[in-house]
Participant: 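Structure incoming, see below.
In this chain, residues are counted from 1 in sequence order.
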Amino acid sequence: MDKVSSDCPYPGCFFCVMKEGNPSKRRASVLKFFRELPSLDDDGQVLPISGLWNTAMAHPNDPEFIELGIFECMAALIWKGLKNRRWLSHDQNIYIPYYAAHIIGSYTMNMEEFAESAVHAGVIPPLVELLRGRLTWVEQRVAVRALGHLATYASTFPAIANHGEILELSIQLAMSSLEIVYSHFYQFVDRRLSYHCDLLTRGMGGVEMESRKAEEWASQLQCWSLQLINCFAFKHEFLPTICKPEFLIKLPGMWGGLVNENSPAGIGLLRTICHQKLGRGPVASCPGIIEALCNIARSSDDWQYMAIDCLIWLLQDPNTCHKVIDTVVPALVDLAEMTTLGDHKRLGDSIVNVLQECIQSQGSGRSSVSSRTKEQIEDILNSKQRLKWEKNMPKEDLHIKQAAALVVKLEGNSLFSSGNIAGAASKYSEALALCPVRSRKERVVLYSNRAQCHLLLQQPLAAISDATRALCLHKPVNRHAKSLWRRAQAYDMLGLAKESLLDAILFINECSQSNDPDLSLRQNKVPDYAERLVKKQMRAAWLFREAAIKHGGVHSQGDGGDLYGPDTDDSEWETASESDIGNDGRDEMGDEDDGDWNNDDERKDYDKPLMKDIKHGYNVQLAEEEP
């Protein structure tokens, strides 16, 4: 390539080429550069490649380099790194296969025509070799990213599918990625490859940043593998390979972690599998998956609707309904009063319709429903019927029912204050039976109060059920602070760290946004006990936890040390179940608003400090209308 700038000491410098003012000469020079670069052994080749990497990320839809042969050049550079280890180890060439695969992924993530050009340029075979682990996990990460983009498009998926090993490799990588990154990088600081550290932190961080970025990249490696598998899962011929029990059972636990919370991860793949008849059978045959789906369906994260879809499809399929109905129905009943979830309108009505179909199918002899399950379904159907009756009920009669429910609730508060927790729970149940179904705000309080009683009675499953019902009724949905905290505690009792962690974080978010004067006067509005629970669950739900246990714990050295440390002795974190009563249980009747009471729950319903000091700061206490 001709020298463009007399000031540049490097003939054919790519950066000088890009400064060429004549478009025709510039294109010709770039074309020649892409053709010649793979055959050159000059020092400094990583510089133009890193420049192309930046360009690809900044302008992934720009067709210029695609037309001039960038895909052919990148494929050739990857092959060169795989076949010529002497060249790879020279200068900074070790970075080049990573950058090359990343460039391919960036240019193919949005434009199908670019993906077609990449396939025609022969990028798939060298990417598959990186996916095999021919180099390191860092290159595997960008290879699975690029292959996932190519698999997204209808025109290029067949080329991916023709390489049968891609699916098997992706499944193995999804299951082993966290252990690979932990054992090959995270565990021993003094054994970390320097170019890995540079790529992770761009040379800007120390050991701690390297470790945190490694966790993020490990999560991406797993989630991008799942995304690639998901492309195969839409085709029924690949489901037998995907739906193996040893893989399916792990999917609910592949959640991306807090470092990659925007990925649907395992639940997204399960939704694709459950959408197809051939996939529902293997899922229904694994009780552990069904239980996990029920927990996710009750959760308050962004992918709750995906788990709900899975449960609904499993119930609607006569071949799987009988296997899952007794486990699935309690979860869906808890969610049946939810009106809207994100873009999903009238979700509760959809759930009720499916439950009603279950009862009807039992009548036709197509499925068997236990008496307990049938009772739960009939209860929610009766509740919907009550709502219809209430619409035609005189206001005076509604007021009478509201007043009766209020009296019973106050009796429950009094029993709670005196320590009769079981009696209080019974009163809240009685109040729920009296309370108009349309009085959603008051029912939120009653369900949440009863959840608190279940916690004290060591009944975590019942507490989760009631807290979930309160969260479904609340506006906005899933944002009732006390119910989030109670459910976080209940999940903790069951050892469900991830679920407890997510609820505790949402509870803290609600506290941080509170206008409650009792909270706003504090320098730190996050309750101490919530911080302690979050730290505890972050250790228990840590992405590398299983790998660390398998490989003998974290042996980190240097500035970063053990990011989470060994399990230390947590000082007791207070719960609402440990609190004394700090109110008199009074409530006032106000003007009617859409059939609901205008009570204290109209305002932000945040936790009050106790009347007496607590060892670790203030505790979750119930608002004035709660015990």
Participant: Salt bridge between Arg134 and Glu139, side-chain N to carboxylate O under 4.0 Å?
Facilitator: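 Salt bridge absent between Arg134 and Glu139.
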
Participant: Would you kindly say whether Ser106 and Arg145 are connected by a side-chain donor-acceptor distance under 3.5 Å?
Facilitator: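 Side chains of Ser106 and Arg145: pair found under 3.5 Å.
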
Participant: Working to the nearest 0.5 angstrom, can you tell me the gap between Ser50 OG and Ile96 CD1?
Facilitator: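 Here the rounded value is 9.5 Å.
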
Participant: Report the C-alpha distance between Gln222 and Asn260 in whole Å, list the side-chain angles of each, state the deciding distance to 0.1 Å, and finish with yes or no for side chain to side chain donor-acceptor pair (under 3.5 Å).
Facilitator: CA-CA 10 Å; Gln222 184 177 73; Asn260 199 14; over 6 Å; no

Participant: For Phe71 together with Phe65, are the ring centres under 6.0 Å from each other?
Facilitator: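 No.
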
Participant: Looking at every heavy atom in both Arg545 and Ala540, which two are closest together, and how far apart are they?
Facilitator: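 For Arg545 and Ala540, the tightest heavy-atom pair comes out as CD-O, 3.1 Å.
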
Participant: Hey, does Tyr107 have a side-chain heavy atom less than 4.5 Å from the side chain of Val123?
Facilitator: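 Result no, sub-4.5 Å side-chain heavy-atom pair not found.
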
Participant: Looking at OH of Tyr153 and CZ of Phe114, how far apart are the two atoms once the value is rounded to the nearest 0.5 Å?
Facilitator: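 Nearest 0.5 Å value for the OH-CZ distance: 9.5 Å.
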
Participant: Measure the OH-NE2 distance between Tyr95 and His102 for me, rounded to the nearest 0.5 Å.
Facilitator: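 Between Tyr95 OH and His102 NE2, I get 15.0 Å after rounding to 0.5 Å.
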
Participant: side-chain contact (heavy atoms from CB on, under 4.5 Å), that's the test. Do Val138 and Phe185 meet it? Break it down for me.
Facilitator: CA-CA 10 Å; Val138 166; Phe185 182 85; over 6 Å; no

Participant: Run the salt-bridge test on Glu546 and Lys550 with the 4.0 Å N-O cut-off and return the result as yes or no.
Facilitator: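 Between Lys550 and Glu546 there is no salt bridge, as every charged N stays at least 4.0 Å from the carboxylate O atoms.
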
Participant: Is there a donor-acceptor contact under 3.5 Å linking the side chains of Thr136 and His184?
Facilitator: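 Note: Thr136 and His184 side chains miss the donor-acceptor criterion.
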
Participant: I'd like to know if Arg132 pairs up with Glu165 as an ion pair, taking the criterion as any Lys NZ or Arg NE/NH1/NH2 lying under 4.0 Å from an Asp or Glu carboxylate oxygen.
Facilitator: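 A salt bridge links Arg132 with Glu165.
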
Participant: Could you check whether atom CZ of Arg86 has more than 12 heavy atoms from other residues, nucleotides or ligands sitting under 6.0 Å from it?
Facilitator: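 Counting neighbours around CZ of Arg86, 12 or fewer heavy atoms of other residues, nucleotides or ligands fall under 6.0 Å, so no.
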
Participant: Around Arg85, counting heavy atoms of other residues, nucleotides and ligands shown, do more than 12 lie under 6.0 Å from its CZ?
Facilitator: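 Above 12, so yes.
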
Participant: Would you sort out whether Leu506 and Asn509 count as a side-chain contact (heavy atoms from CB on, under 4.5 Å), showing the intermediate values?
Facilitator: CA-CA 5 Å; Leu506 281 174; Asn509 288 343; 4.2 Å; yes

Participant: Which word best sums up how the rings of Phe157 and Phe238 line up, parallel for under 30°, tilted for 30 to 60°, or perpendicular for over 60°?
Facilitator: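 Rings of Phe157 and Phe238: perpendicular, as their planes differ by over 60°.
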
Participant: Quick one: are Pro125 and His163 in side-chain contact, heavy atoms under 4.5 Å?
Facilitator: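 Side chain of Pro125 against side chain of His163, heavy atoms only: contact under 4.5 Å found.
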
Participant: How about His90: does its NE2 atom have over 12 heavy atoms from other parts shown lying under 6.0 Å from it?
Facilitator: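 For His90, atom NE2 is crowded (more than 12 foreign heavy atoms under 6.0 Å).
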
Participant: Just by modelled atom types, is the Leu314 backbone N or O under 3.5 Å from a matching donor or acceptor in the Thr320 side chain?
Facilitator: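 Yes; judged by distance alone, with no hydrogens or angles, the pair exists.
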
Participant: Mind checking what makes ring pair (Phe, Tyr, Trp, His ring centres under 6.0 Å) contact with Tyr491, not counting sequence neighbours?
Facilitator: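 None.
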
Participant: Using modelled atom types only, decide if a donor and an acceptor are shared between the side chain of Thr340 and the backbone of Lys345 within a distance under 3.5 Å.
Facilitator: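 Not a single qualifying donor-acceptor pair exists.
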
Participant: Mind checking the CG-NZ spacing from Leu258 to Lys498? Nearest 0.5 Å is all I need.
Facilitator: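 NZ of Lys498 is found 11.0 Å from CG of Leu258.
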
Participant: Do NZ/NE/NH1/NH2 and the carboxylate oxygens of Lys213 and Glu216 come within less than 4.0 Å?
Facilitator: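 Salt bridge: yes.
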
Participant: Run the side-chain donor-acceptor check on residues 74-83: report pairs under 3.5 Å with partners two or more places apart or on a different chain.
Facilitator:
unit_1: Lys80; atom_1: NZ; unit_2: Pro38; atom_2: O; d: 2.9
unit_1: Lys80; atom_1: NZ; unit_2: Leu40; atom_2: O; d: 2.7
unit_1: Lys80; atom_1: NZ; unit_2: Asp41; atom_2: OD1; d: 3.0

Participant: Describe, in one word, how the ring planes of Tyr305 and His344 are oriented to each other, choosing from parallel (under 30°), tilted (30 to 60°) and perpendicular (over 60°).
Facilitator: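 Answer is tilted, since the angle falls between 30° and 60°.
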
Participant: For His275, check ring pair (Phe, Tyr, Trp, His ring centres under 6.0 Å) against everything at least two apart and list the hits.
Facilitator: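 Ring pair (Phe, Tyr, Trp, His ring centres under 6.0 Å) check on His275 returns Trp313.
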
Participant: How close do Ile290 and Ala284 get, counting heavy atoms only, and between which atoms?
Facilitator: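 Shortest heavy-atom contact: CD1-CA, 4.1 Å.
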
Participant: If only atom types and distance count, is the side chain of Glu179 paired as donor or acceptor with the main-chain N or O of Ala547 below 3.5 Å?
Facilitator: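 The answer is no, because no donor-acceptor pair under 3.5 Å joins these two groups.
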
Participant: Of all the heavy-atom pairs spanning Pro97 and Leu130, show the shortest one and how long it is.
Facilitator: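 Looks like O-CD1, 4.4 Å.
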
Participant: Under 3.5 Å, is there a donor-acceptor pair linking the side chains of Gln537 and Asp492?
Facilitator: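 On atom types as modelled, these side chains qualify, holding a pair under 3.5 Å.
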
Participant: Check whether any side-chain heavy atom of Pro252 lies under 4.5 Å from a side-chain heavy atom of Leu293, and answer yes or no.
Facilitator: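 The answer is no, as the side chains (C-beta and beyond) never meet within the 4.5 Å cut-off.
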
Participant: Which pair of non-hydrogen atoms, one from Pro282 and one from Gly279, has the smallest distance, and what is that distance?
Facilitator: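 Looking at all heavy atoms of both residues, the closest pair is CD-O, 3.2 Å.
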
Participant: At their closest point, which heavy atom of Leu484 faces which heavy atom of Phe507, and how far apart are they?
Facilitator: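 Minimum heavy-atom separation between Leu484 and Phe507: CD1-N, 3.9 Å.
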
Participant: Walk me through whether Arg27 and Glu64 qualify under side-chain contact (heavy atoms from CB on, under 4.5 Å).
Facilitator: CA-CA 8 Å; Arg27 286 177 60 85; Glu64 180 182 17; 4.1 Å; yes

Participant: Distance from Leu228 atom CG to Leu226 atom CG, nearest 0.5 Å?
Facilitator: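 It comes to 9.5 Å.
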
Participant: Once you round to the nearest 0.5 Å, how far does CE of Met538 lie from NZ of Lys536?
Facilitator: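 Between Met538 CE and Lys536 NZ, I get 15.0 Å after rounding to 0.5 Å.
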
Participant: Taking it one step at a time, do Leu251 and Leu248 satisfy side-chain contact (heavy atoms from CB on, under 4.5 Å)?
Facilitator: CA-CA 5 Å; Leu251 286 178; Leu248 289 181; 3.9 Å; yes

